[in-house]
Amino acid sequence: MTTKLTVLATGGTIAGIAGSAIAHDYRAGEIGIEEYLERVGGLGLEAELSGTQIANIDSADIGPAVWHPLHAAALAALNDEDCHGVIVTHGTDTLEETAFLLDLTLPATKPVVVVGAMRPADAVGYDGLRNFANAVRVASDAQAAGRGVLVVMGDRVFAARDVYKVRTRGTEAFRGFPRESVGLVTPASLEWFGAPWRSGTEAAFGWPETLPEVVIVYAHAGLDGAGVARQVAEGTRGVVLAGVGEGNMPENARQELVRLAARGVPVVRASRADEGLVDREPEDDANGFVAARALNPQKARILLQLLLAGGTSDPAAIQRAFDGR
Ligand code: SIN
C-alpha cells in the first residue's frame with residue numbers, strides 16, 4: 001500500500017532563497033509548496049505527497065492567524081481516511097511553539113511531524129532536503145502515531161513537549177529537555193527510543209476561538225516592580241516569568257507579581273536557563289504562583305493561553321495542568 005502524506009507548508013528557511021549558494025542573507029518563505037514537492041520528487045521518497053500552502057512567511061510572524069488554518073487543515077487530514085500522516089514545514093525560530101500548540105490540540109491518531117531547515121534551499125549544504133526526507137520516513141511509520149506531534153531536525157526525532165532551539169546557526173540547532181530525543185532517523189532508517197506514550201489519545205484541548213493575551217516577563221539582575229508593571233499592560237490575562245535560575249526573581253519584582261496574582265492574573269514561574277526545571281516551592285501557595293515544571297517560558301505561555309481560553313484561571317487547577325505535562 002502506498003503511504004499518502006499531507007504536507008502543510010508555512011514557509012521558513014526550508015522554503016527560503018538566498019540568490020547565491022554562499023550568501024549569508026536570505027529571504028525565508030519564498031518557494032511555494034508545489035515547487036517544493038517538485039524539488040523533493042527527485043529523491044525517490046517512498047510516499048505519495050500532496051501539499052497545501054497555509055502561509056509562506058518567516059516564522060517570527062507566525063501566530064493565531066496562521067495557527068488557526070494550520071490546525072484546521074491538520075485536523076481535516078487526520079480525519080481523512082486516505083491520509084496516513086501529516087508533515088508541517090515551518091521556520092525554525094518559532095517551530096517549538098507551533099509544534100507544542102498542535103501537540104496539545106490534535107489527537108494522537110496518525111503521525112504529525114514538524115520539520116524545518118537552518119540553511120536556505122539554494123545554499124551549499126542545504127539541510128532542508130535531508131530533514132524533509134527524514135520527516136517522510138517518520139511520518140510514514142505507524143509507530144510515530146502514538147507519540148503526539150514530533151519534530152525532525154538534524155537526524156533526530158524530538159517530542160514537541162521537549163524540543164527547543166539552542167543555536168542560531170549550524171544544522172544541529174535543536175535539543176530536547178527533559179528527554180533529549182525520542183528517536184534517530186536517516187532517509188533510510190528509523191530507530192525509536194522506547195514505546196509510544198500516547199497511542200490513540202484525544203486532544204488535551206479543543207481548538208480555542210481566541211488565544212488570551214499572556215506576556216512573558218524576562219527576569220534579570222536589577223528588575224524591579226516598575227519594570228514588571230511596564231511589561232504587563234491593562235487587560236493582560238496571564239504572566240509567564242522567564243525567571244533567573246529555578247524560576248526566581250528580585251524581591252521588588254516578586255512583590256509586583258504577587259499583586260498581579262492577587263488581582264486574578266495567573267503568574268507561572270519558568271526559567272530563562274536552557275534546561276530549566278522549575279519545581280513548586282513552599283512560598284508558591286502564599287504568592288499564588290504556579291511552577292512551570294519542565295516547560296520553557298514560550299511553551300508555558302502556550303499552555304497557559306489554552307487553559308485561560310478554556311476558562312481555567314485558578315492557580316491550583318493551572319498547576320495541575322502543568323504537573324500533567
Ligand atoms: C524562520 O524561522 O522562518 C526563519 C529561520 C529559520 O527557518 O531557520
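Indexing begins at 1, ligand by ligand and atom by atom, following the structure's order. Note that the numbering runs from 1 along the sequence shown for the chain.
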Identity and distance of the protein heavy atom lying nearest atom 8 (O) of ligand 1: Thr92 OG1, 2.5 Å
Between the CG atom in Asp155 and the CG atom in Asn131, the distance rounded to the nearest 0.5 Å is 7.5 Å
For the side chain of Lys299 and the backbone of Ala294, is there at least one donor-acceptor N/O pair under 3.5 Å apart? no
Ligand 1 to Tyr26, heavy atom cutoff 4.0 Å, flagged ligand atoms 5 (C)
Should we say atom CD of Glu35 is surrounded by more than 12 heavy atoms from elsewhere, each under 6.0 Å from it? yes
Main-chain N/O of Ala28 paired with Thr13 side-chain donor or acceptor, under 3.5 Å: no
Is the side chain of Asp284 donor-acceptor paired with the backbone N or O of Glu281 at a distance under 3.5 Å, no angle test? yes
Those atoms of ligand 1 less than 4.0 Å from some heavy atom in Thr13: 4 (C), 5 (C), 6 (C), 7 (O), 8 (O)
Counting only nitrogen or oxygen atoms and a 3.5 angstrom limit, does Asp93 reach ligand 1? yes
Checking heavy-atom distances from atom 1 (C) of ligand 1 to each of Ala28, Ser59, Ala173, the winner is Ser59
Regarding ligand 1, does Ala117 bring an N or O atom to under 3.5 Å of one of the ligand's N or O atoms? yes
